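Below, chains carry the letters A, B, ... as their sequence lines are ordered, and counting in each starts from 1. None of the values given here were measured: they were computed from a predicted structure.
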Amino acid sequence: MLTKAPKGTKDILPAESYKWQYVEGIMRDVCARFGYREIRTPVFEHTELFLRGVGDTTDIVQKEMYTFEDKAKRSITLKPEGTAGVVRSFIESGMAGAAQPTKMYYLACPVFRYEKPQAGRLREHHQFGIECFGSQEPSIDAEIISVALTVFKELGIKGLELNINSIGCKECRTGYNKALLAYLDKNKSGLCKDCRQRMKTNPLRVLDCKQDSCSKIVADAPKMIDYLCGECSEHFEGLKGRLAAAEIDYKINPLIVRGLDYYTKTVFEIISTDIGAQGTVCGGGRYDGLVEELGGKPTPGIGFGMGMERLLLVIESLGIEIPEPSLCDVYVCTLGEKAAKTGFGITEELRAAGIKAECDHMGRSMKAQMKYAGKIGAAKVVIIGEDELDKNEAVVRDMTQSEETSVALDRLVDLIKKLKA
RNA sequence: GUGGGUAUAGCUCAGUUGGUUAGAGCGCCAGGUUGUGGCCCUGGAGGCCGUGGGUUCGAUUCCCACUACUCACCCCA
């Protein structure tokens, strides 16, 4: 063939798209119950949005963005995450002027990162995400987490682990950074090359390093949680209290840092151990400084992103069955040109009546048409040949019972409507 | 960006210690009744054996390079 789908991209084929639609339906439903409305933002944005929003020391910005110049020499970037575009839209369209908080979700939103593909990691993937602006109360942190967990629950997914942490605000982080740096500096010789660089750019990242030597050192490093200021500490306690009230199990994981610069206070990940090394199905947190950073009035915010592909991997690995919608209720089988015309008219009438109807488009024999009707799962077959046409009748065959009855053509559509109802 | 594995039909995979026309199962199409699906039987279509080079009388098989896929690191959803 001429070319293949680009590296790290995947087609969602007709044979599996119903799974996406099913999952999306549950997401829409859960969001509606929690009071979130859908927002759709462009697939590409001005590059500077992500430089400021995601943070220019992050791996995402430094080496993973699909950035190009358009014909007017504007620097454009395919979105590498969902939040920045929503924040831009929040500011640009003046949503702060409407009733607060502002609660929004996006569905199956394509996200692009130039990565090396592996299990659960693609160059184009899709995220379901929600964002909420305007509230600094810990109750919204708990609600956001609950939206994600409710989606998992309603999909029948069990065994995921919720990890939470607080990385504090700007104020408490400076104190913590000092303590962390002092500790790391003492143990510098045991750190990997990358981590020594991270000490200069973003010391928090060292906590995330998976190198054995580094993680040993990190295990005894000062913990952010112990350095939270009064307000942040109170906020974190408020979150824990609400999770407990909602009977949501969680684990406090002081090593969760997240790779995007905008997070403050609450961060969380929901992790699966069933889908390979890339087990984070959902990740998110609070970003109280982001709206202001992008030129809006100071406004707190919080949200999460959930990977659709990873979610479907979890569903598959757990063996969760998603109901596959039937392709066809009635197949209209005809013999000869005259009957084919009549049959085509009946097929259209059935469709107009809301029935999934099919007829022959291959010039096939009756046997082949029956075979095809069986393959596409038709519950009934209407048979019209010369004999039936002469009598203005059709035979209706029930494919599961293998029973046939003759019906007058002018009563056919009504009868089938009744049978379906 | 770094490392491991793999590459034969639409799919899952045999195979050739280097030798003529490369196989199976499933799937697809047709026939077995000029009017009846699932089961069964028969037949058919469909492969530059990933690409390029090397060794050889001869390479799908051996060697090298490249590419793609895949898994892991890194990072993240």
query: Start at the 5' end of RNA chain B and walk down; is the nucleotide closest to A/E269 or to A/T400 reached first?
result: A/T400
- prompt: Hey, which of these two, A/R123 or A/K10, hits RNA chain B nearer its 5' end, going by closest nucleotide?
  reply: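 Nearest-nucleotide comparison on RNA chain B picks A/K10.
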message: Are the side chains of A/T266 and A/I164 in contact, using a 4.5 Å heavy-atom criterion?
response: no
- prompt: A/Y287 versus A/V87: any side-chain heavy-atom pair under 4.5 Å?
  reply: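 They are in side-chain contact.
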Atom-to-atom span, [atom1] of [X] to [atom2] of [N] - whole angstrom:
X      : N     : atom1 : atom2 : value
A/L122 : B/U70 : CG    : C1'   : 12 Å
A/H361 : B/C29 : NE2   : C1'   : 18 Å
A/I256 : B/C76 : CD1   : P     : 12 Å
A/M399 : B/G38 : CE    : P     : 9 Å
A/D59  : B/C76 : CG    : P     : 6 Å
A/R113 : B/C75 : CZ    : C1'   : 9 Å
A/L313 : B/U70 : CG    : P     : 12 Å
A/Y114 : B/C75 : OH    : C1'   : 15 Å

Would you kindly check whether a donor in the side chain of [X] faces an acceptor in the base of [N], or vice versa, at under 3.5 angstrom?
X      : N     : result
A/K116 : B/U2  : yes
A/Q369 : B/G35 : no
A/S402 : B/G37 : yes
A/R121 : B/C74 : yes

Please work out if [X] contacts a base, only the sugar-phosphate, or nothing of the nucleic acid, heavy-atom cut-off 4.0 Å.
X      : result
A/K4   : sugar-phosphate
A/Q62  : nothing
A/E309 : nothing
A/E64  : sugar-phosphate
A/L311 : nothing
A/E81  : nothing
A/K367 : base

statement: pair_partner(B/U67), Watson-Crick or wobble, both distances < 3.5 Å, evaluates to B/A7
query: Taking a pair as Watson-Crick or G-U wobble with both distances under 3.5 Å, which nucleotide is matched to B/G35?
result: none
With rounding to the closest Å, how many angstrom separate the [atom1] atoms on [N] and [M]?
N     : M     : atom1 : result
B/C13 : B/G53 : C1'   : 29 Å
B/G23 : B/G38 : P     : 29 Å
B/G4  : B/U21 : C1'   : 39 Å
B/C49 : B/U8  : P     : 11 Å
B/A14 : B/A24 : C1'   : 7 Å
B/C41 : B/U34 : P     : 22 Å
B/A22 : B/A59 : C1'   : 14 Å
B/G10 : B/A45 : P     : 15 Å

Between [options], which nucleotide gets closest to the side-chain atoms of [X]?
X      : options             : answer
A/K7   : B/C76, B/U36, B/A68 : B/A68
A/Q118 : B/U36, B/U2, B/C71  : B/C71
A/R364 : B/A77, B/A30, B/G35 : B/A30
A/H125 : B/A77, B/G38, B/U36 : B/A77
A/A368 : B/A30, B/U36, B/G35 : B/A30

field: A/T299 and A/T102: CA distance, side-chain angles, deciding distance, side-chain contact (heavy atoms from CB on, under 4.5 Å) verdict
entry: CA-CA 11 Å; A/T299 308; A/T102 303; over 6 Å; no
task: For side chain to side chain donor-acceptor pair (under 3.5 Å), just list the numbers for A/T41 and A/K79, CA-CA rounded to whole Å, side-chain angles, deciding distance to a tenth of an Å, and then say yes or no.
output: CA-CA 10 Å; A/T41 65; A/K79 54 171 125 167; 3.0 Å; yes
- request: Decide whether a cation-pi geometry holds between A/R123 and A/Y114; the criteria are a distance under 6.0 Å from NZ or CZ to the six-membered ring centre and an angle within 45° of the ring axis.
  value: yes
field: Sole residue of A/Y106, A/F152, A/F304, A/W20 in ring pair (Phe, Tyr, Trp, His ring centres under 6.0 Å) with A/F128
entry: A/F304
field: Modelled atom types, side-chain donor and acceptor of A/E143 and A/Y36, under 3.5 Å
entry: yes
field: Step-by-step salt bridge (Lys or Arg N to Asp or Glu O under 4.0 Å) determination, A/E16 to A/K10
entry: CA-CA 12 Å; A/E16 60 194 2; A/K10 275 210 165 81; over 6 Å; no
query: Charged N to carboxylate O under 4.0 angstrom, A/K418 versus A/D414?
result: no
- request: Answer yes or no: is there an ion pair linking A/E316 with A/K19, defined by an N-O contact shorter than 4.0 Å?
  value: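 Judged by the 4.0 Å cut-off on N to carboxylate O distance, A/E316 and A/K19 do not form a salt bridge.
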- prompt: What parts of residues 274-291 of chain A reach RNA chain B, counting only heavy atoms under 4.0 Å away?
  reply: A/G276, A/A277, A/Q278, A/T280, A/V281, A/C282, A/G283
